[in-house]
Structures are given as structure tokens and as C-alpha cells.
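The structure appears below as C-alpha cells.
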Amino acid sequence: MSRAAVPSLPSRHPIGEQLPALYADDDFAQRFTAGLDTVLAPVFTTLDNLPSYFDPRLAPADFLAWLATWVGGADDPRWPLALRREAVAGAVELHRWSGTRRGLVEALRLVLGVSADITGDGGAAWSSTAGGALPPAPADEVLVRVWPRHGGAADSAHQVDEAHQVDADRVLALVRSLCPVHTICRVEVLPGPPTSEEGRQ
């Protein structure tokens, strides 16, 4: 990230106008300070717009990667700009749901642009009856079914080819990074939303 001189960008605070009157008509002094104005103009412009730099929906594109590191958000320069902005903007909210079904579904939507259905709870079980028999052992496998999303502007940003293919390896890598370490996760890629028969098994 850098802020360099911008051609023809005027300074809001020209140095030459702030010199003593003795230098107002001094050609060398005015030309010399005009060169400094060229260097300082981007600095003043950045400071004047500083609040926008901290809003991922307004920040300059080259600032997004740095902003993403502040909030622990996902960012990939290869993604469309609209998607990068959405991923950074939603990062803090996504952290609230880390390790949950909702968090995983939202992360898959936000980062990879796919819809997801998740079955299984990773082996958690409990009983509300004191001294009662232990509940049956739950399945320790989490099944993550994903399919392409269609229709929204943010979704279209993910559509990298006309067939709207889902990259199963990227899905599996993301699922493994977000699921608790003790869980076994399996990923299925579907062409569309599961039917009631396939269902939410």
C-alpha cells in the first residue's frame, strides 16, 4: 500500500500562500513550494478522507488487504472487489459464530459463494435427566453439502465460469479450517439444493 503523488491534484493548503508577503511575488520561492505541494497533496487528501479508509465498503482497493488483517478477515486479491469488501465487512460478525453450524454456512457463502446444508453435530450429546441412562452415541461425522448460489450481485462475483462449478478442494479446505479439530467432516458437492428425499438426513 502506498500513497504517491497524484498528477494535477491540488493542495488544499498551498505552502506558497502561507509564506510571508515578501515571498508572494518571488518566483523561485513559489515554484519551490509548489513542488512540495505536489508531494503533500495526497497526504492531506488521505487525512481528509481518513474515516473512509476504515470502512471496507469505501476504502481504496489496495487498503483492503491491510484492513482484513486488522479484523482477521479472509481476503484474496484474485477475488472481485465487491466480494473482497463484503468479506472484510462481515469478518467481525462471522467471528461471533466461529465453530457453529451458522458460522460455517455463512463462511461458505461469504468466502466461496456457495449455499450449504450441514447435518451432524460432531459428536455432542447430553441428557437432561439426572442419573438417567446415557444417550445413544451420536454420529461423529459432520456432513457438509454445498451447491452453487445464483441470482445475487455478491453471488455473481463468485461465478468464475459459465457452469458455476464448485471447487470441492477449496470447500473442504475451508470446512477443515473452521470445524472443531475433533470432528470428522465430509463434503458433498450437489448441482442444486437438496430435495426433500435427499434431504436433511
Side-chain angles (χ1 to χ4, degrees), residues 1-14 37-118 144-180 185 187 189-193:
M1 182 190 70
S2 63
R3 292 291 171 266
V6 179
S8 303
L9 179 67
S11 172
R12 293 186 56 187
H13 310 285
D37 288 337
T38 301
V39 175
L40 293 175
V43 176
F44 291 137
T45 301
T46 299
L47 293 175
D48 289 342
N49 295 283
L50 197 57
S52 298
Y53 278 74
F54 303 121
D55 183 339
R57 294 186 175 90
L58 300 174
D62 65 337
F63 198 79
L64 279 174
W66 194 26
L67 205 55
T69 65
W70 293 8
V71 294
D75 181 64
D76 189 330
R78 297 170 298 179
W79 295 346
L81 183 58
L83 171 60
R84 295 180 63 201
R85 294 187 185 281
E86 184 183 359
V88 175
V92 174
E93 177 66 17
L94 198 58
H95 291 322
R96 292 182 56 209
W97 302 103
S98 179
T100 68
R101 186 173 302 181
R102 173 177 173 175
L104 181 55
V105 169
E106 181 62 15
L108 287 165
R109 181 197 70 79
L110 189 62
V111 178
L112 299 181
V114 296
S115 294
D117 175 52
I118 301 172
V144 181
R145 292 175 169 171
V146 298
W147 59 93
R149 294 176 64 90
H150 302 286
D155 300 333
S156 64
H158 289 281
Q159 295 171 357
V160 294
D161 55 41
E162 294 182 358
H164 312 308
Q165 297 296 316
V166 174
D167 187 334
D169 291 334
R170 291 185 67 197
V171 172
L172 184 57
L174 181 63
V175 167
R176 283 179 173 165
S177 71
L178 295 177
C179 280
C185 299
V187 171
V189 177
L190 306 177

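Basis for what follows: all heavy atoms, side chains included, without hydrogens, waters or symmetry-related copies.
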Under 4.5 Å between any side-chain heavy atoms of Thr69 and Asp75, yes or no?
no
Without swapping roles, check the side chain of Arg85 against the backbone of Pro56 for a donor-acceptor pair under 3.5 Å.
yes
Backbone N/O of Ser52 and side chain of Asn49: donor-acceptor pair under 3.5 Å
no
Spatial distance of atom CZ (Arg84) from atom CG (Asp76) [nearest 0.5 Å]:
8.0 Å
What closest approach, in Å, do Leu104 and Cys179 show between heavy atoms, and which atom pair accounts for it?
CD2-SG, 4.0 Å
Nearest 0.5 angstrom please: Glu106 CD to Glu93 CD, how far?
8.0 Å
Are the side chains of Val146 and Leu112 in contact, using a 4.5 Å heavy-atom criterion?
no
One should read off an interatomic distance between Thr38 OG1 and Leu9 CG, to the nearest 0.5 angstrom, of 9.0 Å
Heavy atoms, side chains only, cut-off 4.5 Å: are Leu174 and Leu108 in contact?
yes
Between Leu94 and Gly103, what is the shortest heavy-atom contact and its length?
CD1-O, 3.6 Å
Does some side-chain heavy atom of His13 sit less than 4.5 Å from a side-chain heavy atom of Phe44?
yes
Heavy atoms of Val88 and Leu64 approach each other most closely as CG2-O, 4.2 Å
CG on Leu67 to CG on Asp55, rounded to 0.5 Å
8.5 Å
Quick one: closest heavy-atom pair of Leu172 and Cys185, and the distance?
CD1-O, 4.5 Å
A side-chain contact here means heavy atoms from C-beta on lying under 4.5 Å apart; do Asp117 and Trp147 qualify?
yes
What heavy-atom pair brings Ala91 and Gly73 nearest, and what distance separates the two atoms?
CB-CA, 3.6 Å
Flag side-chain contact, heavy atom, 4.5 Å: Arg109 against Val114
no
Note: Leu50 and Phe54 closest approach over all heavy atoms is O-CD1, 3.4 Å
